[in-house]
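For reference, the structure is listed below as structure tokens.
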There are 2 protein chains.
Amino acid sequence: MKKEVVTLKKLAQILDLSTSTVSRALNDHPDISEETRTKVKNLAQSMNYVPNIFAKGFRNHKTNIIGVVVPNITHYFTTTMVRGILEEAAIRGYRVIISESNNDVKKQTEMLNTMMQFGVDGILASLTKMTRDVDAVLQTLNKLPLILFDKVSNKIPCTQVTINDEEAAYNAIEHLINIEKKRIAIIKEREFSYTSEKRYAGYLRALKEHNIKVDDKLVISVDDISLEQGKRMTNHLLSIKNRPDAIFAITDSAAVGVIQTLKKFNIKIPEDIAVIGFSNSRLSTVIEPNLTTVDQPGETIGRNAIKYLIDEIENKTQIVSNKMIEIKGSLIIRDSTFKV
Amino acid sequence: MKKEVVTLKKLAQILDLSTSTVSRALNDHPDISEETRTKVKNLAQSMNYVPNIFAKGFRNHKTNIIGVVVPNITHYFTTTMVRGILEEAAIRGYRVIISESNNDVKKQTEMLNTMMQFGVDGILASLTKMTRDVDAVLQTLNKLPLILFDKVSNKIPCTQVTINDEEAAYNAIEHLINIEKKRIAIIKEREFSYTSEKRYAGYLRALKEHNIKVDDKLVISVDDISLEQGKRMTNHLLSIKNRPDAIFAITDSAAVGVIQTLKKFNIKIPEDIAVIGFSNSRLSTVIEPNLTTVDQPGETIGRNAIKYLIDEIENKTQIVSNKMIEIKGSLIIRDSTFKV
DNA sequence: CTGAAAGCGCTTACAG
DNA sequence: CTGAAAGCGCTTACAG
């Protein structure tokens, strides 16, 4: 089963050179003569020489592996980010190991530790929902280049790559105001979710700038933002005295639940109540009416995150690396809000 | 930045033992006395000793990394399999590197090679659609434990883990026959897709066993099975003389396209035309009417695939390893077929 | 411009 | 039951 492996030593023997020279030639060391270098490289190529990555990693304390932690790999948006990460990693010669935290801080800590133990060169993390407990992340950051993406946290002094949640939400709400909605409800997550709070901030700013008073009864916070919760909260919103004429759900799933419930009660969308989601997931063009939502460029986010990380690993950036990178998301207007 | 690292040597010095002994104690070598072993283990624990995985991998020619190749990581069903793989990998002490082939044989070959070069212990592959060219896969199989899952191929003599496509399709068609459908169309992929052919085989068997003659005009093959193709092919099916009274699309996406088109023409579902998909994706409960479909237990498939692979890697199985493992999928009946 | 030698952290055949 | 030594494949400071 084991094939005869081509090593530096073997190449050296054949060329009657030392392994040192062969190694240097292959690594384009300036000391080596042009002639030797090409001779070595040609042989290496023709013999299909492949460096033993483990010997190399062992020697250099560098593995060219990047660890990625995400809360939930089955979310479509997450997979688009992962795709960007994988593509850019391949280009730059890195491999990626992925793990899922399932939104569990304890599991996330475990994952971070395993990855460090495993010797990854750096870590890309999208945090669990509750970012109260960030000790493990901070500790990891002490030892390794680490960059946050998507689910980030201002408690962690490192480079962070997200969508411009606040602005995107602002634009969504402004759109609702433009189509003459006055009582705009928001379904968001309970505090501690960075993303949700940002979107909420955009909601508040839009209302404020258009002189609409915030009605607390229209601000709904749930523990777990899901399709089911979208349904439940819509039932609730329909029961209050002065019901809303628009509902902004901070995820598409929840927005789908909203629409399904409104339809059950024969409420006209968007005439009676308009609906906006967030993500531009595949659901948004399957639900009827099609959902107005914010498109998040997942691949770009993933690609950027790993770019910054690799730059840090390879020390191309100074250590001033606590930038906030915001990738623009764009509002996609569909039937759930379009008609005035 | 670099922390002082605890190595075997350091432990040995402190305990006044040789590194050999410490190594053996930690690895539960039978030669070592109970006393020494516990002494060593206690110290290791208290000093937070973590073996250098790269030194270990280098030494043992074992990396505890498994490579996974999938056509498209953004498919929901794929992510559920990945989740099963990740969970089982963690339990068994393996790490997983993932890459996407984008249904491109050339890219798939590249991925396989990179992974081998990288020194993975084994590979889990879900193949590109066109499995005509399997040379690279066969070569990989020659050098490394390799198991196929989901998108498999009978041209490759190795263990394969899939859903029972044929039987699941058979059940779907039988269900349509039971609700008195006579002209059942199928939208499948052009040949070379193992999965599609299996489902088609189930279709044929069901018709045959119920004495329904196959009408070639109702067998639609497309290159790329997608929502758009579902729409287009439905338009086509509606235009033929004796139009179908049921459509079985071999993916949920295509089935959603089917339903959307039928609705556009105000055709009653399922009374006029019933629809069945395959996957139980999230779309299936958002589209209206909700889609009858086959639930594929992705996590179970992923978990099984990696189990067999690790068993092979660790030589727990004989080398007779060209089993076909079929995981049962179950028909989930919803409104797109339910009412008679 | 090239080579000999040491060493990264681990395991294991050999010796006692 | 324990230790000394070699070696996995690579890189690099040192020497010439």
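Letters A, B, ... are given to chains in the order of the sequence lines, protein chains preceding strands, and every chain is numbered from 1.
Two residues are said to be in side-chain contact when any heavy atoms from C-beta on lie closer than 4.5 Å; A:Ile66 and A:Ile310 meet this criterion.
Nucleic acid contact for B:Ser20: base, since at least one base atom lies under 4.0 Å from a heavy atom of the residue. Backbone-only contact: B:Thr7 has heavy atoms under 4.0 Å from sugar-phosphate atoms and none from a base.
Sequence order on DNA chain C of the closest nucleotides to A:Thr36 and B:Pro51 puts A:Thr36 first from the 5' end. When each of B:Arg24 and B:Asn52 is assigned the nucleotide of DNA chain C bearing its nearest heavy atom, the one mapping closer to the 5' terminus is B:Asn52. Two residues, B:Phe58 and B:His29, neighbour DNA chain D, and the one matched to the more 5' nucleotide by heavy-atom proximity is B:His29.
Annotation: C:dG16 and C:dT12 have their C1' atoms spaced 16 Å apart (nearest Å).
Of the nucleotides present, none pairs with C:dA4 by Watson-Crick or G-U wobble criteria with both distances under 3.5 Å. Nucleotide D:dA13: unpaired (no Watson-Crick or G-U wobble partner with both distances less than 3.5 Å).
Residue A:Thr21 places at least one side-chain N or O under 4.0 Å from the OP1 or OP2 atom of C:dG3. Note on B:Ser23: a side-chain N or O is less than 4.0 Å away from OP1 or OP2 of C:dT11. For D:dC8, neither phosphate oxygen OP1 nor OP2 lies less than 4.0 angstrom from any side-chain nitrogen or oxygen of B:Asn60.
A:Gln108 contributes a side-chain N or O that, together with a main-chain N or O of A:Thr128, makes up a donor-acceptor pair within less than 3.5 Å.
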Q: Quick one: do A:Arg83 and B:Asn72 satisfy side-chain hydrogen bond (donor to acceptor under 3.5 Å, both in side chains)? Show the steps, please.
A: CA-CA 9 Å; A:Arg83 168 175 284 171; B:Asn72 186 326; 3.0 Å; yes

Q: Given side chain to side chain contact (heavy atoms under 4.5 Å, CB included), test A:Ile65 with B:Ile65 step by step and report yes or no.
A: CA-CA 11 Å; A:Ile65 303 182; B:Ile65 304 184; 4.1 Å; yes

**Q.** Full working for side chain to side chain contact (heavy atoms under 4.5 Å, CB included) between A:Leu112 and A:Met115
**A.** CA-CA 5 Å; A:Leu112 290 172; A:Met115 291 195 163; 5.6 Å; no

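One interatomic measurement links the two molecules: CG of A:Leu15 to P of C:dC1, which rounds to 18 Å at whole-angstrom precision. The CG atom of B:Leu11 sits 12 Å away from the C1' atom of C:dG9 (whole-angstrom rounding). Look at CG on B:Asn27: it is 13 Å from P on C:dA13, rounded to the nearest Å. Taking atom CD of A:Glu34 as the reference point, atom C1' of C:dC1 lies 13 Å away to the nearest angstrom. One atom, NE2 of B:His61, and another, P of C:dT12, lie 11 Å apart when rounded to the nearest Å. Note: CD (B:Gln13) to P (C:dC10) measures 13 Å, nearest angstrom. B:Lys10 places its NZ atom 16 Å from the C1' atom of C:dG7, with the value rounded to the nearest Å. Across the protein-nucleic acid pair, A:Asp31 atom CG and D:dT11 atom P stand 15 Å apart, rounded to whole Å.
Nearest nucleotide to the side chain of B:Lys56, out of D:dG3, C:dT11, D:dT11: C:dT11. The A:Leu8 side chain lies nearest to D:dT11 when the options are D:dG3, C:dT11, D:dT11. Relative to the side chain of A:Tyr49, the nucleotides C:dC10, D:dC14, D:dC10 differ in distance, and D:dC10 lies closest.
Residue-to-nucleotide contacts include no donor-acceptor pair under 3.5 Å from the side chain of B:Arg59 to the base of D:dG9.
Residues A:Ser126 and A:Asp150 approach most closely at OG-CB, 3.8 Å, considering heavy atoms.
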